[in-house]
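Model, not experiment: these values are computed from the prediction.
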Amino acid sequence: MGSERGTIPLGTLCSKVLTGGTPLTKNKEFYENGTIPWLKTKEVNFNFITETENYISELGLDGSSAKLVPKNSVIVAMYGQGDTAGRVAINKIPLTTNQACCNLVVDSAKADYRFVYYYLKYSYAELVRRKTGSAQPNLNTSILKEFEIVDFSLKEQIKIGDLLEEFDKKIILNRQINQTLEQMAQTLFKSWFVDFDPVIDNALDAIANGQDIEVPESLAKRFEVRKAVRESEGFEPLPADIRQLFPCEFEESELSVGICGFVPKGWAVSTTSEELVVKGGSTPSTKNLEFWENGDIHWTSPKDLSGNDTKIMLDTARKITSAGLKKITSGLLPVNTVLMSSRAPVGYLALAKVPVAINQGYIAIPSSKNLTSEYIIQWLDANMDEIKGVAGGTTFAEISKSTFKSLDIVIPNSEAVKAFTNIVNVNYERITDGVKQINALTKLRDTLLPKLISGELRLDSPQGEALQ
């Protein structure tokens, strides 16, 4: 590890080393109304665990080999497909785990749990190398207990833990802010263009002022719901300049779009083939190094979007050369191209903030006749269930460009689209800045991590003190 210090077995730093268990899935009592978090290895991904996908009951805990793991333990995935085994996490809540997790309850008198977490994170490649077994190599508790880590003093461990955790806290905060901004954009789109709240508001006011506005029978319940919302405490009406962009009546559509087949009066009903420019991509031969070596052009596959907590794309895992770009059918797509994965799975979304080339697993929308990129990505998100519903495929779900182009779409008046875009564009600019900060913090943290763990950088040195 490049350090003059000695090493110490990981197991000696733990008060307990626990594995978990899986309550019998056939016994509903073990899971129904469960309140005890139960963690699977796929949720262990160099992260802080604050919630789990599944929960078990007290009966499930008592009736299985699952054990309650105290918070601030270090959890190591021992089994798992792909690159799962060897990943680590810290549980910030008491929880239980399945049997594929090794749960290290660190003795606070001997070690700092954060230091242990970051050390194992730094040692991921070494942990992977130590997996054993022929059919599916895995880790086990013996390997982890015997794993040697550099013997820092507890005081040094705490300092390293403090510094690296501060980076992670800032990264988590930025992600939370980005998610809130994205949810705000989704909520606004749904209100204006799915529920048509401004239209109903205008209609209700017009009726209150004595105008003869016909409310379609199929929309009567929706009007009553909106009326109750308007009468509730704390309701804030939309500004007048926004509401004037929307009509006060609905008209029936021949297509099954809008609410119960009704759309705001004067708005167009069209198809995606008429409104959107739709493109697909391809993959240059991976055997030809001329297409990939020292490439500087962003190229993306849907795998880049797996696990993303933002729809903003600023970078890609792989890059191609200009020679590789010539092999891609769509060419280089401009900034603000909307991307949707079209297979395995359908529905990942991104708004490219860099020029990008795509593989065949995407449907890309670089431009539109009447709609903005910000509107399109929210329309896709709001209608994803319908889009997935028309996907075909036997081995895995896939939606072809021709099927996608057959979808119906309501086209609001341009002023309403422009107003929406102006509002949410502020959100997307802030999200983009947040992603840039996350990337910078991640890069600095990951640069410091090996230097701190190996002892190359000491926090009691002038350079180290400047970081604190």
Side-chain angles (χ1 to χ4, degrees), residues 9-121 124 127-128 130-133 135-147 149 161 165 168 172 176 307:
L10 178 57
T12 63
L13 302 177
C14 301
S15 57
K16 292 180 183 177
V17 177
L18 308 170
T19 53
T22 302
L24 188 66
T25 54
K26 292 180 181 179
N27 192 329
K28 293 183 179 180
E29 290 184 334
F30 288 172
Y31 292 91
E32 281 184 350
N33 303 314
T35 58
I36 303 170
W38 182 71
L39 186 75
K40 294 180 289 187
T41 51
K42 73 172 188 176
E43 299 170 76
V44 178
N45 193 17
F46 307 112
N47 54 337
F48 296 163
I49 306 293
T50 56
E51 59 183 356
T52 57
E53 293 179 5
N54 301 99
Y55 291 80
I56 61 174
S57 64
E58 290 286 352
L59 287 173
L61 178 61
D62 294 338
S64 72
S65 56
K67 306 171 189 69
L68 200 60
V69 180
K71 72 176 184 178
N72 294 333
S73 297
V74 178
I75 300 172
V76 186
M78 294 189 293
Y79 322 146
Q81 298 295 326
D83 57 359
T84 301
R87 291 179 179 179
V88 292
I90 293 174
N91 60 313
K92 303 307 292 184
I93 53 171
L95 49 69
T96 59
T97 75
N98 69 9
Q99 61 275 17
C101 292
C102 179
N103 308 302
L104 307 172
V105 183
V106 179
D107 186 341
S108 60
K110 297 179 179 178
D112 182 90
Y113 69 93
R114 299 164 306 172
F115 174 83
V116 172
Y117 163 73
Y118 287 115
Y119 195 96
L120 293 179
K121 180 179 180 180
Y124 171 70
L127 289 174
V128 169
R130 297 195 185 191
K131 293 192 297 183
T132 62
Q136 180 181 319
N138 294 313
L139 293 170
N140 57 53
T141 55
S142 295
I143 292 173
L144 292 170
K145 284 180 180 180
E146 295 167 6
F147 189 79
I149 72 173
E165 185 183 40
D168 276 329
I172 291 169
Q176 291 171 340

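Remark: Asn98 CG to Met78 CE distance equals 8.5 Å, nearest 0.5 Å. Here the straight-line distance linking atom OH of Tyr31 with atom CG of Leu59 works out to 12.5 Å at 0.5 Å rounding. Taken to the nearest 0.5 Å, the CG atom of Leu95 stands 6.0 Å off from the CG atom of Leu39. How far OG1 of Thr12 is from NZ of Lys145: 11.5 Å, rounded to the nearest 0.5 Å. Annotation: the span from Ile90 atom CD1 to Tyr117 atom OH amounts to 6.0 Å, rounded to 0.5 Å.
Shown are Leu10, Val116, Asn91; of these, the side chain to side chain contact (heavy atoms under 4.5 Å, CB included) with Val74 is made only by Val116.
Lys40 is linked by a side chain to side chain donor-acceptor pair (under 3.5 Å) to Asn54, counting only residues two or more places apart in sequence or in another chain. Looking at residues two or more places apart in sequence or on another chain, you find no ring-ring contact (aromatic ring centres under 6.0 Å, His included) involving Tyr118. For Thr96, there are no side chain to side chain donor-acceptor pair (under 3.5 Å) partners at least two apart in sequence or on another chain. Under the side chain to side chain donor-acceptor pair (under 3.5 Å) criterion, Glu165 pairs with Arg114, sequence neighbours left out.
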Could you pull out every donor-acceptor pair under 3.5 Å between side chains of residues 19-28 and any protein atom, sequence neighbours left out?
residue, atom, partner, partner atom, Å
Thr22, OG1, Gln99, OE1, 2.7
Asn27, OD1, Glu29, N, 3.0

Got a list of side-chain donor-acceptor pairs under 3.5 Å for residues 100-108, not counting sequence neighbours?
residue, atom, partner, partner atom, Å
Asn103, ND2, Leu18, O, 3.2
Asn103, ND2, Thr97, OG1, 3.1
Asp107, OD1, Ala109, N, 3.0

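Pro37 and Pro94 get closest at one heavy-atom pair: CG-O, 3.7 Å.
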